[in-house]
Protein chains: 2
Amino acid sequence: MGRQSGSGHPAITVDVVAFTLLEDDLQALLIRSQAPPSKGRWAIPSARIRDGEPLETTARCILEGYGAQDMYLEQLCAFGNAWRDPRGRAVAVAYLALVTATSATPAGGDASDVRWWSIYKLPPLALDHAQILDFALQRLRNKLEYTAVGFRLLPPAFTLTETQRAYEVVLGSPLDKRNFRRRILEAGIIGETRQRGGSRGRPARLYRLRDDAMIETKARRLFP
Amino acid sequence: MGRQSGSGHPAITVDVVAFTLLEDDLQALLIRSQAPPSKGRWAIPSARIRDGEPLETTARCILEGYGAQDMYLEQLCAFGNAWRDPRGRAVAVAYLALVTATSATPAGGDASDVRWWSIYKLPPLALDHAQILDFALQRLRNKLEYTAVGFRLLPPAFTLTETQRAYEVVLGSPLDKRNFRRRILEAGIIGETRQRGGSRGRPARLYRLRDDAMIETKARRLFP
DNA sequence: TCAAAAGTGTTTGTGGTACACCCATGG
DNA sequence: CCATGGGTGTACCACAAACACTTTTGA
């Protein structure tokens, strides 16, 4: 018997791709699947939707179950390919989550069952999760270019060099230091603090994301 | 009793926002709801998902049921607000569809039950359909700026003036004729034909979308 | 020959990109 | 005093925006 109920409604889950910065790398949270059909394979966190709550609440609860807090959440897409789950028809509503390294400690299980994985060195994933993760990564890279979501990967106070590294790690390409600093400052979305941070060398000024800063900018029009 | 089945899976539908150009205006296909809870109100076409098929197939079948053919389809988002349907938990996977005016004749019912409506003069809509339609419109406007989807609203051969009008109607703002023509031609996505069209005045050259033209361009980076 | 729409270039400003050196601190 | 990372300005180029007149056709 399949996963589908007698009434004909297919199974519906919320699946969350959570990213964080860790070890100078962009990493995704994966768990080891405990049940068939993918027992033992790594998978993105997933759960049946919660009654009487918005879908986003389910996503938030999933991540809170793994110790993350104060995450950025954004719905990606519904994945409903007929063959994505061998147990029967299953629709997954996928979410993108960004968490800061400080709230990023997996606490919901044995470390061998819940781990951050570099997106550049992923294990084989269950079902169509590789596709979902890839979709999430694409979306993150795109939004980095015209929104301020990138700062949701950083701690509340951050240096410009940290910020640049974050952009470089997510985009996978190096950026010019002076141009980066000029544009990020001219955008007016971050403000100076009086504190300084940094490990070696000259201490760096710490910045903070301004409260009114969740702007989106217009993309340049190719087609006018 | 609610709409939800005994197994706990909520109802899941595919809802389609179909746009076309008609009467020098951007119009959306609406149907009059035949059943509670919104009987008599206008609604966007919707259906339960088809077994064993990708979600997109359901969307395509819905529109074919109303006489449309060869539509552009793109998934928008899943709408799963707990209170969106008073009958019980219902998740809608929304699609954006673009059809050409020639294939845009509603044929699936009485004209008083299936109609194109100007997006600038919509009636009150069922459930959260106004929100879904608005989301679709935003997405269309955004994608117009960095993809070639706009041409899916036009017939296979079109004049540059028609194209400009299409952009203007969708975006809701006037565009400069010379800049528009230069950029659309320089983008290299359309090719000349030898035919000419147009109603009054000097006949205009007809163009055709090139086969290799479904490009996307990079958005301008605000954050470098 | 007139009405109606098609078609065509140039100038000016803004914003993107490339690029190299001095500064402050801790060890 | 030296190693490490922090911080700064300019010159060039490409693209966006503004703008008005001539051409072709059908009635």
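So that the names make sense, note that chain A is the first sequence line, chain B the second, and so on, each numbered from 1. What you see below is based on every heavy atom in this structure, not just the backbone, and it leaves out hydrogens, waters and symmetry mates.
Atom CZ of B/Phe180 and atom C1' of C/dG7 are 14 Å apart (whole Å). As a whole-Å value, the separation of B/Glu145 CD from D/dA16 P is 13 Å. Atom CZ in A/Phe158 sits about 16 Å away from atom C1' in D/dG6, given to the nearest Å. One can place CD of B/Glu192 at 12 Å from C1' of C/dG7, the figure rounded to the nearest angstrom. Residue A/Ile184 contributes atom CD1, which lies 14 Å from atom P of D/dG7 at whole-angstrom precision. Summarising the geometry, the separation between CZ on A/Arg200 and P on D/dG6 is reported as 10 Å, rounded to the nearest angstrom. Computed from coordinates, the A/Gln164 CD to D/dG7 P distance equals 12 Å when rounded to whole Å. Put simply, CG on A/Leu185 is 14 Å from P on D/dG6, counting in whole angstrom units.
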Set out, line by line, the N/O atom pairs under 3.5 Å between protein and nucleotides 12-14 of chain D.
none

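For residues 189-199 of chain B, the pairs satisfying salt bridge (charged side-chain N to carboxylate O under 4.0 Å, His left out) are B/Glu192-B/Arg205, with sequence neighbours left out.
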* **Summary of protein contacts for nucleotides 17-27 of chain D, nucleotide by nucleotide, where a base hit scores B, a sugar-phosphate-only hit scores S (4.0 Å, heavy atoms)** => BBBB--BBB--
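Contact check for B/Thr20 versus B/Thr100: no side-chain heavy atoms found under the 4.5 Å cut-off.
With sequence neighbours left out, B/Glu74 forms a side-chain contact (heavy atoms from CB on, under 4.5 Å) with B/Tyr72, B/Arg139, B/Lys143. With sequence neighbours excluded, the residues satisfying side-chain hydrogen bond (donor to acceptor under 3.5 Å, both in side chains) with B/Asp128 are B/Arg84. Residues forming a side-chain hydrogen bond (donor to acceptor under 3.5 Å, both in side chains) with B/Arg60 (at least two apart in sequence, or on another chain): none. When the salt bridge (Lys or Arg N to Asp or Glu O under 4.0 Å) test is applied to B/Glu162, no partner is found at least two apart in sequence or on another chain. Evaluation of the side-chain hydrogen bond (donor to acceptor under 3.5 Å, both in side chains) rule for B/Ser46 yields B/Asp15 as partners, not counting sequence neighbours.
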Identify all side-chain donor-acceptor contacts of residues 23-31 of chain B below 3.5 Å with residues at least two apart in sequence or on another chain.
| residue | atom | partner | partner atom | Å |
| --- | --- | --- | --- | --- |
| B/Glu23 | OE1 | B/Gln27 | NE2 | 3.3 |
| B/Asp24 | OD1 | B/Arg165 | NE | 3.2 |
| B/Asp24 | OD1 | B/Arg165 | NH2 | 3.4 |
| B/Asp24 | OD2 | B/Arg165 | NH2 | 2.8 |
| B/Asp25 | OD2 | B/Ser118 | OG | 2.8 |
| B/Gln27 | NE2 | B/Leu22 | O | 3.3 |

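Atom CG of B/Leu96 and atom CD1 of B/Ile132 lie 12.5 Å apart (nearest 0.5 Å).
Contact between the side-chain N/O atoms of A/Thr161 and the OP1/OP2 oxygens of D/dG5 is not found at any separation under 4.0 Å.
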